[in-house]
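Let me begin by presenting the structure, written as structure tokens, before commenting on it.
All values below were derived from every heavy atom in this structure, side-chain atoms included, with hydrogens, water molecules and symmetry-related copies excluded. Note that the structure is predicted; figures quoted are calculated from it, not measured.
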Amino acid sequence: MMKTLKNKMQMAAVKAHTVLTNRSGDQMTGWLIVVLIVVVVGAVFMTLYQSSITQIWNSIVAKITNLLN
């Protein structure tokens, strides 16, 4: 079981290394598209849920402050 997991982790590391070191233009374009999508989705999410995120953050800070007092 541990040997299989170790082999799978090694294969995943080799594949990740191959993907990250591939300098093909198509590969780089794909990564740039992924980064662009993540940034746009993050910006939309933050814009839509900014008040909720702020409220949750303030609740967390208040609970931590109460625990420390």
Side-chain angles (χ1 to χ4, degrees):
M1 173 107 177
M2 290 298 291
K3 189 173 183 178
T4 303
L5 180 63
K6 186 177 178 182
N7 286 339
K8 287 185 179 182
M9 289 178 63
Q10 287 176 341
M11 288 303 297
V14 169
K15 287 180 181 178
H17 182 266
T18 303
V19 167
L20 292 176
T21 58
N22 188 354
R23 295 184 183 259
S24 171
D26 292 338
Q27 186 78 30
M28 293 301 291
T29 302
W31 279 109
L32 289 175
I33 290 171
V34 169
V35 169
L36 178 64
I37 290 171
V38 168
V39 168
V40 169
V41 169
V44 169
F45 180 80
M46 291 296 289
T47 302
L48 291 176
Y49 298 107
Q50 184 176 9
S51 61
S52 298
I53 293 170
T54 303
Q55 186 178 9
I56 291 170
W57 178 254
N58 288 337
S59 298
I60 291 171
V61 170
K63 286 189 178 190
I64 291 173
T65 304
N66 287 337
L67 287 174
L68 294 176
N69 286 337

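Between the CD1 atom in I56 and the OG atom in S51 there is a gap of 9.5 Å [rounded to 0.5 Å].
I53 and V61 fall into different hydrophobic clusters, where Ile, Leu, Val, Met, Phe, Trp and Tyr are joined by side-chain heavy atoms under 4.5 Å apart, directly or via other members. Hydrophobic clustering places V44 together with M46 (ILVMFWY residues linked when any side-chain heavy atoms are closer than 4.5 Å, directly or through intermediates). A single hydrophobic cluster is not seen to contain both V39 and V41; linkage of ILVMFWY side chains at heavy-atom distances under 4.5 Å, directly or through other members, places them apart.
A ring-ring contact (aromatic ring centres under 6.0 Å, His included) check over residues 48-69, counting only residues at least two apart or in different chains, returns the pairs F45-Y49.
Between L36 and L32, every side-chain heavy-atom pair lies at or beyond the 4.5 Å cut-off.
More than 12 heavy atoms of other shown residues, nucleotides or ligands fall within 6.0 angstrom of atom CD in Q10.
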